[in-house]
Amino acid sequence: MDYPDYTTEHQKGKHLTYEDYVKIQVRLQDGWSANRIAVKELHCSPNTVRKIIRQGMTPLYHGKVQRFKSKTAWQIHKENRSRSCRTYQAAEKKAFLSYVESHFCGDDKWSLDACVGYALAHNLFDRSEMLCTKTLYNYVELGLLGIKNIDLPQKLHRRTKAKRIRERKRVLGRSIEQRPESVDSREEFGHWEIDEVIGRKSDKDKVLLTMVERKTRNLCVLRLADISSRSLMEAFQRMGDELGQAFPKVFRSITADNGAENSMLAEIESVAGTLVYFTHPYTSCEKGTIENHNGLIRRFLPKGKRVDSYDEDTILGVELWANGLPRKILGYRTPDEAFAAEMDRIFAV
């Protein structure tokens, strides 16, 4: 016999209530099977009902008869729930947590994942003495570390922006759509993304030219007199003089946006043979590597503060910090190590 007017609406992932346990007992007395109880009455997994029935089987008549009792099953359920809780290992792994806090809060300013990955890659701790990245973030959320959510650089600063259709889109040269697969896959060294970091938009202020090599994630930061195409080309001229004949091997291609400061960038192709690609207008995500590194720079050089208020040592310190940060995508090597290996290979030829 079916019961179309049932009132139980069991939600997936939720525990059954005591009333559900009573219904199991009643339906068993009516001769229903576990499958029918689960499908017709409780709308849950049949295995769940079978498990409850096994737990609630109670011996009667000096153990000669086994019958399901809802009270017995419910008592076992409550005992199991009282023992089911998360176990925190902050006390047992205090040495590792101190190591994480020192690198996160100290001069290194590593991410939590960088701390875990670097320790594993260099065998600083046994795996049993460590916690995974996800657990560290959970500990921050629960206040079990000396690190708060506000200390995490990106967790409280991400905002979504409304999309809008732009008109008068500037296109300066070869589209990024023509960039070969070898550049997109990051298997070949010498492909760069560039951008400019502005301090104050009003008044005359210097700007920072930021460049990131796509394969090694090595960052180069140069101070420019202003945000103009002439200053940009002068910076590349100086780099060309320093690298000499190795310039085309180090700079195989450059990817930039369509800003006016990049209007003369295509001239590098005729001089050094370096290919220049331009992203689609208003699509900064197409050069996400440099945008991510600009975010790292903004931790030390916030928006609105003049670039010329920082000395060369401060800017160099930011560059050295970014290049000394272990990266998961590099097997927790630093960009400095990866870049040095590539440069040794170039100059060894």
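What's counted below: heavy atoms across the whole structure, side chains too, no hydrogens, waters or symmetry copies.
At least one donor-acceptor pair under 3.5 Å links the side chain of D151 to the backbone N or O of K148. A side-chain donor-acceptor contact under 3.5 Å links T283 to the backbone of P281. Although no hydrogens or angles enter the test, the distance criterion places a donor-acceptor pair under 3.5 Å between the side chain of E101 and the main chain of G146. Under a 3.5 Å cut-off, the side chain of R306 and the backbone N or O of K204 do form a donor-acceptor pair. Using a distance-only test at 3.5 Å, with no hydrogens or angles considered, a donor-acceptor pair links the side chain of R217 to the main chain of K215. Using modelled atom types, no side-chain atom of N258 and backbone atom of F278 make a donor-acceptor pair closer than 3.5 Å. Without hydrogens or angle criteria, Y21 side chain to T72 main chain gives no donor-acceptor distance under 3.5 Å.
Between the side chains of D113 and Y137, no donor-acceptor pair is found at a separation under 3.5 Å. If you check the side chains of D226 and S228, you find a donor sitting under 3.5 Å from an acceptor. Checked by atom type, the side-chain pair N138/K134 shows a donor-acceptor distance below 3.5 Å. For the residue pair R179 and T255, a side-chain donor N or O sits within less than 3.5 Å of a side-chain acceptor on the partner.
Among pairs with a residue in residues 135-145, those fulfilling salt bridge (Lys or Arg N to Asp or Glu O under 4.0 Å) read E141-K155, at least two apart in sequence or across chains.
Ring orientation note: the planes of H103 and W110 are close to parallel, at an angle under 30° on the 30°/60° scale.
The CD atom of E337 sits 11.5 Å away from atom CG of N218, with the distance rounded to the nearest 0.5 Å. Note: S102 OG to D108 CG = 7.5 Å, rounded to the nearest 0.5 Å. Between the CH2 atom of W74 and the CD1 atom of I52 there is a distance of 9.0 Å, given to the nearest 0.5 Å. For the atom pair OG1 of T210 and CG of L296, the computed distance is 11.0 Å after rounding to the nearest 0.5 Å. To the nearest 0.5 Å, the span separating OG on S70 from CD on E19 amounts to 10.0 Å.
Remark: D30 engages R27 in a salt bridge, criterion side-chain N to carboxylate O under 4.0 Å. A salt bridge links K287 with D257: the closest approach of a Lys/Arg side-chain nitrogen to an acidic carboxylate oxygen falls below 4.0 angstrom.
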Side-chain donor-acceptor contacts of residues 270-277 below 3.5 Å, not counting sequence neighbours, with atom names and distances?
{"residue": "S270", "atom": "OG", "partner": "E267", "partner atom": "O", "Å": "2.9"}
{"residue": "T274", "atom": "OG1", "partner": "F251", "partner atom": "O", "Å": "2.7"}

Q: Apply the test side chain to side chain contact (heavy atoms under 4.5 Å, CB included) to residues F96 and Q89: give CA-CA distance (whole Å), side-chain angles for both, the deciding distance (0.1 Å), then the verdict.
A: CA-CA 11 Å; F96 174 70; Q89 307 175 50; over 6 Å; no

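Using a 4.5 Å heavy-atom threshold, the side chains of L301 and V197 count as separate.
Scanning for salt bridge (charged side-chain N to carboxylate O under 4.0 Å, His left out) contacts around E193 gives R214, with sequence neighbours left out.
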